[in-house]
Amino acid sequence: MDGKMRLCLVAAFATGVVVTLGLQSVTSSSTRRENLHRRNSRTTLRRLFQAIGEDLVLRDNTMDRSKTPAPEGIESCIGNTPLFRIKSLSDATGCEILAKAEFLNGAGNSPKDRVALNIIREAESQGLLTPYSGDMIYEGTVGSTGISLAAICRARGYLAHICMPDDQATEKSDLLLKLGAEVERVRPASIVDRNQFVNKARARALEHTQDPQRPGRGVFADQFENEANWKAHFGGTGPEIFRQTEGTLDAFVSGAGTGGTISGVALFLKPRLPNLKVILADPQGSGLFNKIKYGVMFDPKEREGTRRRHQVDTIVEGIGINRVTINLEAGRGLIDDAIRVTDREALAMARWLVEKDGIFAGSSSAVNCVAATRVAQKLGPGHRIVTVLCDSGTRHLSKFWAKAGSIGGNVDITLDNVLQPQ
């Protein structure tokens, strides 16, 4: 190697050393500045907390790993829903009217999440369901239970087939389809008709099980008669209300479709709160009001031999029925009274809740709030009443809220504009 080349190599090596030392100096300087900034920040925070009389312990947790695992699956978002004060109704009546926000259940966004999960768990424990085997759950429902089943089935490795009346809000069946459920809309019919939606679901489950060409089995959820329904509320909703109210409660108000909510909550609360009043909120056209009040199942709008369907003569969906289910019978003896709510009152209350509180509720929630308000007026100021907000108004846009109309700037309405004279 000649002298000229050796000189170039030496120069290159020297340049590399200088650059490396320079970068180390910059890095070291940057690290020192970062450490200084961190110490200054800690000092500032410590002085701030000392000024307000608080001890401050600073610790770097960026590398810590929680020893408590995250909850498993969407099922962990079911239950423990908030209980909050409805400001407008409480202020207007002088009572504390509290709403159990069941629309915040995380799978199907209604109290039916509790029911669907409990039905599935019990079927699994009995060996009736095996994940990812082709097993399918069949149910007849007007919407919310089907939505909860569809979501939870997907989470646990099953499919859902939902039979529902074809006069229900279309957004419910649309949502079911998006959740991957099979949807069969049928004509409304009496429970004695084999083509009624509940009976149709039962038959479809049997057909599935008996078909050798189909994988898996068909399991009929049977929400109306399956006691896993009321037990879900006895083990969940009731204890939550008791804990959230610290055992201070004068009345519980709820509608009944299957009857699981009102029965399960009553069965839990009544033994612990003997003076509690349990009140049924019933829409027009339902026979439960008269069953509770007078012991006879009938409705003035119905003449003998003219009943055609399960869903009663009302725009309200999800509650109201003309028969006593096993789930309702479980707690019927604990229901103290019933309040009839008209469609007009339900529509007016739904508008009121938006205009006064920003609460966009479904039809059954509006019925519950009308009845809770009447209970508050009857009991007088100073009492505490709990009711249920079942689902959001987004599931009732094409039917109930289509009649309620858009909300304008009307903020001057009073409860006299909502409640009809009795």
Side-chain angles (χ1 to χ4, degrees), residues 108 110-129 135-149 152-153 158 160-165 184 186 188-209 217-238 254-268 280 282 286-288 291-292 297 307 309-312 317-335 364 390:
S110 82
K112 298 302 184 180
D113 277 3
R114 301 176 187 265
V115 175
L117 181 58
N118 206 37
I119 287 174
I120 291 173
R121 281 175 171 168
E122 288 208 1
E124 289 173 335
S125 69
Q126 296 168 17
L128 300 176
L129 289 171
D135 286 350
M136 181 173 283
I137 296 177
Y138 293 78
E139 184 59 301
T141 168
V142 296
S144 290
T145 305
I147 292 167
S148 295
L149 280 170
I152 299 170
C153 278
Y158 311 112
H161 182 107
I162 305 302
C163 298
M164 63 188 303
E184 187 174 358
V186 300
S190 168
I191 189 64
V192 299
D193 190 326
R194 68 178 183 178
N195 290 317
Q196 192 260 4
F197 64 98
V198 175
N199 296 331
K200 179 69 75 173
R202 182 187 291 107
R204 293 290 190 233
L206 183 60
E207 290 170 5
H208 182 153
T209 300
R217 296 159 293 185
V219 175
F220 177 46
D222 198 15
Q223 61 166 325
F224 288 90
E225 313 300 335
N226 190 332
E227 291 191 281
N229 184 337
W230 71 259
K231 289 177 181 177
H233 296 289
F234 179 84
T237 318
S254 174
T258 63
T261 301
I262 195 167
S263 286
V265 171
L267 284 163
F268 182 87
L280 171 75
D282 209 35
S286 172
L288 295 183
K291 186 66 175 178
I292 298 300
M297 179 73 75
R307 285 186 192 168
R309 51 175 294 175
H310 156 73
Q311 180 63 24
V312 294
E317 297 179 357
I319 58 173
I321 193 173
N322 282 315
R323 60 190 173 92
V324 176
T325 66
I326 287 176
N327 282 286
L328 180 62
E329 189 61 34
R332 183 165 66 92
L334 301 178
I335 301 175
S364 55
C390 306

Q: Evaluate side chain to side chain contact (heavy atoms under 4.5 Å, CB included) for N195 paired with V186, printing each intermediate quantity in order.
A: CA-CA 8 Å; N195 290 317; V186 300; over 6 Å; no

Q) Which atom names give the shortest non-hydrogen contact between K200 and C163, and what distance separates them? A) CG-SG, 3.7 Å

Q: Measure the CG-OG distance between N199 and S190 for me, rounded to the nearest 0.5 Å.
A: 9.0 Å

(Q) For a quick test of reading the model, state the closest non-hydrogen atom pair linking G320 to S286 and the distance between them. (A) CA-OG, 3.5 Å

Q.
Which heavy atom of E139 sits nearest to which heavy atom of F220, and what is that distance?
A. OE1-CE1, 3.5 Å

(Q) Under 4.0 Å between a side-chain nitrogen and a carboxylate oxygen: does that hold for R332 and E329? (A) yes

(Q) Does either side chain, that of E184 or that of Y138, offer a donor lying less than 3.5 Å from an acceptor on the other one? (A) no

Q: Decide side chain to side chain contact (heavy atoms under 4.5 Å, CB included) for L149 and I120; before the verdict, give the C-alpha distance in whole Å, the side-chain angles of both, and the deciding distance to 0.1 Å.
A: CA-CA 8 Å; L149 280 170; I120 291 173; 4.1 Å; yes

Q: Over all heavy atoms of both residues, which pair between I152 and A116 is shortest? Give the atoms and the distance, please.
A: CD1-CB, 3.9 Å

Q.
Tell me if a side-chain donor or acceptor on N322 pairs with a main-chain N or O of M297 at a distance below 3.5 Å.
A. no

Q: Find the distance between CG (N229) and OG1 (T258) and round it off to the nearest 0.5 Å.
A: 4.0 Å

Q: Name all residues meeting the salt bridge (charged side-chain N to carboxylate O under 4.0 Å, His left out) criterion together with R202; count only those two or more places apart in sequence or in a different chain, and write none if there are none.
A: none

Q | Minimum heavy-atom distance between L128 and V219, given as atom pair plus value | A | O-CG2, 3.5 Å

Q) Counting N and O atoms only, with roles assigned by atom type, does the side chain of E225 sit under 3.5 Å from a partner on the main chain of I326, one being a donor and the other an acceptor? A) yes

Q: Could you walk me through whether H233 and V115 pass the side chain to side chain contact (heavy atoms under 4.5 Å, CB included) test, one step at a time?
A: CA-CA 8 Å; H233 296 289; V115 175; 3.5 Å; yes

Q. Going through the distances and angles, do T145 and Q223 end up as a side-chain hydrogen bond (donor to acceptor under 3.5 Å, both in side chains)?
A. CA-CA 8 Å; T145 305; Q223 61 166 325; 2.7 Å; yes

(Q) Once rounded to the nearest 0.5 Å, what's the spacing between atom CD1 of I147 and atom OG1 of T141? (A) 7.5 Å

Q: Please step through side chain to side chain contact (heavy atoms under 4.5 Å, CB included) for the pair I335 and L328, ending with a clear verdict.
A: CA-CA 10 Å; I335 301 175; L328 180 62; 4.0 Å; yes

Q: Please report the shortest heavy-atom distance between I137 and A221, naming the atom on each side.
A: CG2-CB, 4.0 Å

Q | CD-CZ distance between E227 and F234, expressed to the nearest 0.5 angstrom | A | 12.0 Å

Q.
Just verifying a value: how many Å separate T261 OG1 and N327 CG, rounded to the nearest 0.5 Å?
A. 9.5 Å

